[in-house]
Amino acid sequence: MKSSLLLAATAAVIMSACSDNRPIVEASFDVIPQPQSIDTIAGRTGYIISRSTEIHYAPETSEMERHARFLQQYAEDILGYRIPIKAGIPTKTRSADSGILLKLEKGDAQSEAYDILVSSDQMWITSTGTAGIFYGIQTLRKALATAPITGNADGFRVSLPAVHITDAPRFAYRGMHLDVCRHFFPIDSVKTYIDMLALHNMNTFHWHLSDDQGWRIEIKQYPELTSIGSVRKGTMIGRDFSSNDSIPVSGYFTQEEAHEVVRYAAERHIQVIPEIEMPGHMQGALAAYPQLGCTGGPYDVIGWWGISDDVLCVGNPEVVKFCENILDEIMDIFPSKYIHIGGDECPKVRWEKCPKCQAKVRELGLQKDKQFSAEQKLQSWFTHQIDDYLTAHDHTAIGWDEILEGGISDNAVVMSWRGVEGAVEAAHQGHHSIMVPTSYFYFDYYQRRNREHEPLSIGGYVPIEKVYSFNPIPEALTDDEQKYIWGVQANIWTEYIHTFNHVQYMALPRMGALAEVQWCQPEQKDYTRFFANLGNLTHLYDIYSWRWSRQAYEEPMTDE
Ligand code: ACM
Ligand code: ZN
């Protein structure tokens, strides 16, 4: 929680020599995620940000200028005034106060690591990568928000302590997922979601774009995916599967909008990984193209929460072509090397009875064995086709952990959601994986045991302490296998989440805990310290009017 007026009044109020004699309040680097090392420079005074502070950047590229503008905007959001930007780094002699200096150095241009050096006359943010500069800016932004500013922010200068910070992320993949199928959130909400990721030093937005309850991305070759597949006639009410509110739900992203999301995310060093589910969770598509199902339909975009038995008829040769054609357009829209192809929760009941699917089983000589049914192997065959296609187009498939069943294809990355076992098995087999186990990272699950005042959710219990406690490296892995754990993500499925405001409530501040799991080294992790710093982060949520849950304060985790 923000400190009170009392704190502001007792904060050091120092009159400075320069013309700006607004009171100075002291900020700290008590931010989330905690930087890897913060060394206090003994005996030195820190840097004071005031209206006369300038942001300088070098080299003078448009990308570095954009980063300077991000910092300018962030500072204004917190301080209420706009500090100027100047291209180039001033020479020391020109001015005693050189300002905030953003300097991209020669070296690994992909680096996410950065340094911050604060002294009385300047503050450096340096990195060899623009991503590193961006994360340095995020840390500074979060530090500014620790200042006990109350009332009119414009009335203050902010002092930062003399420190040397060196920082780098623990995991390369740091993601959040959003399901826009069960409920649709327009592009402005998606951009705000990306802003939320950026604040938490995350670099991947996993965008769940197709499902049984709605198809949400324009595919020019198959216009009915959106004209029919994005519209459901009504939705079950609450948990009552026999009900339907008869209120149509629709919405999809045009390719132009998707390009806009990709651009917006890339500016913030976030890759967008699109997910097109196959061969299950496809009833939105089947409603539009019923000839691609085993029974031929007709099918409706479904209005209840669950998994449809009607899936793509993989015995139909048109189906692989259909998926490839869709993926052609997806690869054109999304520059990400990784494309998520779903693969979870694909019932086999239709395939078991379908003449085309059974003919395919025979043609491929698929036999049931102790581990897998012939139909599981049929799904594995299908996934191999799609994986081969993506690989031939210089892309890599990501799939939910079911893609391990029946034999994983050569290149695929596993997203381990039914616990961590999928990740362990993937690592044993030399495949990369991303940790998203339900019991830690399903942010559609309840945050509190006491549900009386909570919005209706899908179930579960994932308080912030539980998120924080996750160890991404299972003990079952050898030192060599550990490198296959690519990173960590949380998911927000939106069956019971109708509004973006509710998405934020489920995400925040659990994203803060996730950010430390993704970014911090194990020895840095300390829930007590994290909890003490949480108010500095939620203060920023308040500045942006992002809704967040007070569970950490009001209802700490209980065992039962
Ligand atoms: C999933 O939650 N079905 C991946
Ligand atoms: Zn079939």
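Counting convention: from 1, in listed order, for ligands and their atoms alike.
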Handout entry: E402 versus W417, side-chain donor and acceptor atoms under 3.5 Å
Key = yes

Completion exercise
When I403, L390, I276 are each screened for side-chain contact (heavy atoms from CB on, under 4.5 Å) with I341, the one that passes is L390

Handout entry: For atom 2 (O) of ligand 1, closest protein heavy-atom neighbour
Key = Y442 OH, 2.5 Å

Handout entry: Criterion ring pair (Phe, Tyr, Trp, His ring centres under 6.0 Å) against H200, the qualifying member of W546, Y193, F205, Y541
Key = Y541

Practice task
Write out the residue and atom name of the closest protein heavy atom to atom 3 (N) of ligand 1, then the distance separating them to 0.1 Å.
Solution key: D344 OD2, 2.6 Å

Practice task
Measure E345 to ligand 1 on non-hydrogen atoms and call it side chain, backbone, both or neither using the 4.0 Å cut-off.
Solution key: side chain

Problem - NZ/NE/NH1/NH2 to OD/OE distance under 4.0 Å, K348 and E405 - result: no

Problem - W493: numbered ligand 1 atoms lying under 4.0 Å from its heavy atoms - result: 1 (C), 2 (O), 4 (C)

Fill in the blank from the handout: Angle subtended at the Zn ion (ligand 2) by C313 SG and C354 SG, to the nearest 10 degrees, is 110°

Problem - Donor on one side chain, acceptor on other, H281 and E345, under 3.5 Å - result: yes

